[in-house]
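Here is the structure we will look at.
We're numbering straight along the sequence, starting at 1.
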Amino acid sequence: MKEILTKLEWPLLLNLVATRAKTQAGAIRCLEIIPDLDRQAIEQSWRDQESLRNLMESGYQPPLTELPPLEPVFPYLRRSGILDSPQIRDVGVLLEVTQNMGSFARDFSSRSSALRALRTFLDPMPHLRKAIEDIVHPNGELRDDASAELTKIRSGLLNVRKNIESQITQLFTKEIYIQYLQDFFFTIRADRYVLPVRLDGHGRVRGKIYDTSHSEQTLFMEPIEIADMNERLVNLELEHKLEIMRILRDISTKIGAEIDGVENNHQALVNFDVMLAQSEVAKDIKLNAPKICERPTLNLVKARHPLLAVRSESKVIANDVSLKDDQRLLIVSGPNAGGKTVILKTVGLIHAMTRAGMLLPVDGSSEVFPFENIFLELGDSQNLAENLSTFAGHLQGVNNIMQKCGPKDLVLLDELAVGTDNATGAALGQAILEDICAKESLGVVTTHYANLKALGLHDPRFRSAAMQYNKDTLQFDYRLQMDIPGESLGLELAHKIGLPQNVIKRAMELRGQDDEFEQAIAKINTQNHELQSRVLQAEERLAEAQQMRGRWQQEYELLTQERTEFKSKLAARYTKQFENWREDYLELIEHIQKHVSDLQERLQLNAQAKNIEVHLDKAKESISELDQDGVGKMRHLEVPNVGDKVFIVTLRKDGTIIKVARNHKQCEVKVGDLQILVAVSDLRLRV
């Protein structure tokens with residue numbers, strides 16, 4: 001499996017993840033990831049990484065920082081070892097990072113399953129952290145006040161040194177020292193202050209010799225005047241070392257008593273660092289969690305090679321790679337350097353990432369299956385040590401796959417059965433693929449053999465696919481076209497490279513009628529390119545039409561709004577004017593009735609007044625309808641249904657839908673006692 005993962009460039013992918021790690025221990029752990037998770041662990045890992053990716057995309061970054069190298073310390077403490085002060089400081093740093101990460105996990109646990117899990121594992125041990133802080137300075141040295149006895153001893157050491165250095169300064173003024181000192185300075189030998197005395201001063205300067213120079217011309221002597229103070233200094237230094245050892249032993253014992261919790265914190269943070277690094281990669285190159293299927297399947301939507309997504313400055317081509325129903329093998333063909341092997345490696349790497357619990361460079365609508373084994377044969381298996389040719393080595397690799405593959409395995413074969421004559425290779429290749437299909441394995445195969453390309457055309461177990469290209473320029477766009485076999489374009493490529501024209505011409509003659517299948521493929525691909533070109537043009541026109549439709553819709557809505565506002569203003573103005581007229585009319589009628597005494601004339605006036613009032617009511621009703629025909633009273637009819645109350649724009653009448661045409665573009669509407677056929681576009685739904 002390790003060899004297969006190496007061919008799939010798995011180590012390069014792990015290195016990419018490791019560069020995102022915040023800790024050295026996490027980076028090392030990233031490089032050790034093995035694709036061996038079961039379905040439940042995969043899905044949990046995806047949930048955790050997605051939650052962290054989403055959190056980081058929102059602008060929040062977990063405060064994880066470098067962890068001290070404590071791996072050797074843990075077993076040492078379990079053997080009751082005594083740590084030095086820098087190591088103790090490192091344990092304190094670990095607990096500080098634990099505290100910071102615990103606080104962050106608490107604040108954001110509702111937004112991340114990974115942080116919820118981390119929170120349950122972390123124990124900041126505040127009592128132990130404080131004990132360490134009280135003893136060790138952040139620079140790794142013991143504090144002067146680590147204990148009362150240490151404070152006393154260090155104070156005594158300071159005073160003794162001051163007294164000794166003061167006494168030595170006075171000795172520099174004495175004649176005997178002026179005469180025999182090599183130089184006027186002091187140094188330390190065997191924890192004692194000594195002076196550099198010339199060799200001829202031996203016996204004249206009183207004191208004890210503790211060392212000599214390399215030339216043996218200088219004696220490092222302890223003057224007798226400071227011997228007692230030096231002895232006091234040596235005793236204090238011993239007490240100092242003993243007290244330091246006592247302090248280190250005590251704090252090491254306290255740490256050792258909680259070594260399980262300390263190591264668990266370290267382990268949890270390193271594990272989280274690995275997941276955080278994977279999540280950062282997922283954020284950077286847009287990785288997703290697809291659906292995991294119960295049965296073996298191959299359905300990758302917009303699949304990208306993850307390493308190309310990082311390396312390439314231009315946009316990486318995403319391809320759909322899938323098998324339908326009972327199809328077992330995808331036969332990918334096309335010209336050399338067209339991207340066939342990249343497709344094959346992409347499929348293999350994506351499924352290795354699946355088993356490792358990494359998010360994948362595919363669309364979320366994809367479907368994957370955690371294959372038990374991934375088998376890979378790249379077609380270049382020359383083995384000089386075992387005296388195997390390339391073809392023999394290749395067959396040995398294929399044979400190993402056929403012996404082991406099963407229904408839950410993924411098989412990847414690149415340039416199957418190359419290295420022998422075409423007839424033999426083609427026949428052998430087909431027999432191998434049929435055997436693999438019989439074992440119900442799924443896989444991807446790349447080939448130039450015509451008979452293998454044709455398998456997808458007549459055998460339901462196979463599906464054909466081809467890498468697209470521009471035949472005129474031989475420029476590849478690295479897109480995979482499903483259900484179409486591809487041309488090899490060997491002669492075209494030879495022409496582009498610059499082989500002599502007579503060689504190209506002769507090769508075409510020799511190829512002759514044996515290339516009928518390739519010619520058929522070329523014709524199909526030409527037609528397919530033309531069709532794609534037309535589809536692209538149609539899509540462009542559709543996009544333009546949709547854009548224009550959107551613009552027209554905006555203009556229509558704006559005009560409708562302006563029309564409604566205008567009608568409302570007009571209705572308000574006429575309503576006010578109408579009320580003024582009505583008041584004037586009522587005053588006039590009242591005035592006439594007061595001054596008309598003849599009964600017959602009064603009756604005629606009353607009849608005329610009632611007739612005028614009828615017209616006034618109709619005018620008021622018209623003004624009211626004008627005001628009611630507003631935006632809030634009706635809306636566009638999108639889906640007509642029988643029984644809908646509608647307004648007919650062209651007739652300015654209300655009605656009820658009693659029948660809808662099959663094309664949903666016309667309706668029969670009942671208006672009073674009439675039934676009329678109206679276009680849906682002329683209807684508005686009353687609300």
TODO: Over all heavy atoms of both residues, which pair between Arg328 and Pro407 is shortest? Give the atoms and the distance, please.
DONE: NH2-O, 4.3 Å

Task: ring-ring contact (aromatic ring centres under 6.0 Å, His included) partners of residues 40-59, not counting sequence neighbours, each pair once - done: none

Open item on the list: Tell me if a side-chain donor or acceptor on Asp38 pairs with a main-chain N or O of Ala41 at a distance below 3.5 Å.
Closed with: yes

Open item on the list: Please find the pair of heavy atoms, one from Ile374 and one from Gly348, that lie closest to each other, and give the distance.
Closed with: CD1-O, 3.8 Å

- [ ] Could you give me the CA-CA distance, side-chain angles and deciding distance for Gln44 and Asp48, then say whether side-chain hydrogen bond (donor to acceptor under 3.5 Å, both in side chains) is met?
- [x] CA-CA 6 Å; Gln44 183 61 54; Asp48 291 343; 2.9 Å; yes

Open item on the list: Does Glu32 have more than 12 heavy atoms from other residues, nucleotides or ligands lying within 6.0 Å of its CD?
Closed with: yes

Open item on the list: Please give me the minimum heavy-atom distance between Ser441 and Gly406, naming the atom from each residue.
Closed with: OG-O, 2.7 Å

- [ ] For salt bridge (charged side-chain N to carboxylate O under 4.0 Å, His left out), just list the numbers for Lys22 and Glu280, CA-CA rounded to whole Å, side-chain angles, deciding distance to a tenth of an Å, and then say yes or no.
- [x] CA-CA 11 Å; Lys22 303 295 187 296; Glu280 287 207 358; 2.7 Å; yes

Open item on the list: Using the rule given for side-chain contact (heavy atoms from CB on, under 4.5 Å), can you reason through Asn54 versus Glu57, listing the C-alpha separation, both sets of side-chain angles and the distance that settles it, and then say yes or no?
Closed with: CA-CA 5 Å; Asn54 296 340; Glu57 287 177 344; 3.8 Å; yes

- [ ] Measure the spacing between CG of Leu412 and OG1 of Thr341 and express it to the nearest 0.5 Å.
- [x] 11.0 Å

TODO: Compare every heavy atom of Leu360 with every heavy atom of Ile350, then report the nearest pair and how far apart it is.
DONE: O-CD2, 3.5 Å

TODO: Could you grab the distance from atom CD1 of Ile4 to atom CG of Asn373, nearest 0.5 Å is fine?
DONE: 8.0 Å

Open item on the list: Does any part of the side chain of Val660, heavy atoms only, come nearer than 4.5 Å to the side chain of Asn641, both counted from C-beta?
Closed with: no

- [ ] Report yes if some heavy atom in the side chain of Glu440 is under 4.5 Å from a heavy atom in the side chain of Pro296; otherwise report no.
- [x] no

List, one per line, each side-chain donor-acceptor pair under 3.5 Å for residues 284-293, sequence neighbours excluded.
from, atom 1, to, atom 2, distance (Å)
Asp284, OD2, Arg20, NE, 3.0
Asp284, OD2, Arg20, NH2, 3.0
Asn288, ND2, Val362, O, 2.9

- [ ] Scan Gln49, Gln61, Arg53 and name whichever one has a side-chain contact (heavy atoms from CB on, under 4.5 Å) with Leu276.
- [x] Gln61

Task: Flag for Asn400-Gln396: side-chain donor and acceptor within less than 3.5 Å - done: no

- [ ] Assess the side chains of Arg111 and Ser58: does a donor N or O sit below 3.5 Å from an acceptor N or O?
- [x] yes

Open item on the list: Contact between His664 and Val680 at the side-chain level, heavy atoms closer than 4.5 Å - yes or no?
Closed with: no

Open item on the list: Please evaluate residues Cys437 and Leu329 with respect to the criterion side-chain contact (heavy atoms from CB on, under 4.5 Å), reporting the C-alpha separation (whole Å), side-chain torsions for both, the decisive distance (0.1 Å), and the verdict.
Closed with: CA-CA 7 Å; Cys437 280; Leu329 292 176; 3.7 Å; yes

Open item on the list: Surrounding NZ of Lys283 (heavy atoms of other residues, nucleotides or ligands, distance under 6.0 Å), is the total greater than 12?
Closed with: yes

Task: Salt-bridge criterion met for Arg463 and Asp483 (N-O under 4.0 Å) - done: yes

- [ ] List the steps and the verdict of side-chain contact (heavy atoms from CB on, under 4.5 Å) for Leu64 and Met101.
- [x] CA-CA 7 Å; Leu64 182 62; Met101 284 301 302; 3.9 Å; yes

Task: Donor on one side chain, acceptor on other, Ser322 and Asp320, under 3.5 Å - done: no

Open item on the list: Nearest 0.5 Å, please: how far is CZ in Arg355 from CD1 in Ile42?
Closed with: 6.0 Å

Task: For Arg29, the option from Asn271, Asp273, Thr23 that meets side-chain hydrogen bond (donor to acceptor under 3.5 Å, both in side chains) - done: Asn271

Open item on the list: To the closest 0.5 Å, what do you measure between CD1 (Ile317) and CG (Leu308)?
Closed with: 10.5 Å

- [ ] Taking the side chain as every heavy atom from C-beta outward, state whether Ile401 and Leu413 have any pair of such atoms under 4.5 Å apart.
- [x] yes

Open item on the list: Once rounded to the nearest 0.5 Å, what's the spacing between atom CG of Asp414 and atom OG1 of Thr446?
Closed with: 3.5 Å

Open item on the list: Tell me whether Asn663 at atom CG has more than 12 heavy atoms from other residues, nucleotides or ligands lying less than 6.0 Å away.
Closed with: yes

Task: Heavy atoms from other residues, nucleotides or ligands near NZ of Lys439 exceed 12 (cutoff 6.0 Å) - done: yes

- [ ] For the pair Gln278 and Leu52, evaluate side-chain contact (heavy atoms from CB on, under 4.5 Å) and give the outcome as yes or no after the intermediate values.
- [x] CA-CA 9 Å; Gln278 293 174 326; Leu52 286 176; over 6 Å; no

TODO: Supply the atom-to-atom distance Asp459 CG to Ser464 OG, rounded to the nearest 0.5 angstrom.
DONE: 10.0 Å

Open item on the list: Within the 4.5 Å heavy-atom criterion, are Leu115 and Leu55 side-chain neighbours or not?
Closed with: yes

Open item on the list: So Lys340 and Glu415, do their side chains get closer than 4.5 Å, heavy atoms only?
Closed with: yes

Task: Close side-chain approach of Gln430 and Glu434, heavy atoms under 4.5 Å - done: yes

- [ ] Taking the side chain as every heavy atom from C-beta outward, state whether Ile436 and Val445 have any pair of such atoms under 4.5 Å apart.
- [x] no

TODO: Take atom CG of Leu31 as the centre, draw a 6.0 Å sphere, and report whether it contains more than 12 heavy atoms from other residues, nucleotides or ligands.
DONE: yes

- [ ] Please report the closest heavy-atom contact between Ala303 and Thr346, naming both atoms and the distance.
- [x] CB-CG2, 4.4 Å

Open item on the list: Using modelled atom types and a 3.5 Å cut-off, is there a donor and acceptor pairing between side-chain atoms of His394 and backbone atoms of Ala417?
Closed with: yes

- [ ] Assess whether salt bridge (charged side-chain N to carboxylate O under 4.0 Å, His left out) is satisfied between Glu294 and Arg39, documenting all intermediate values.
- [x] CA-CA 10 Å; Glu294 296 287 347; Arg39 174 174 180 167; 2.8 Å; yes

Open item on the list: Ignoring hydrogens, what is the shortest heavy-atom contact between Phe121 and Ala268? Give both atom names and the distance.
Closed with: CB-CB, 3.8 Å

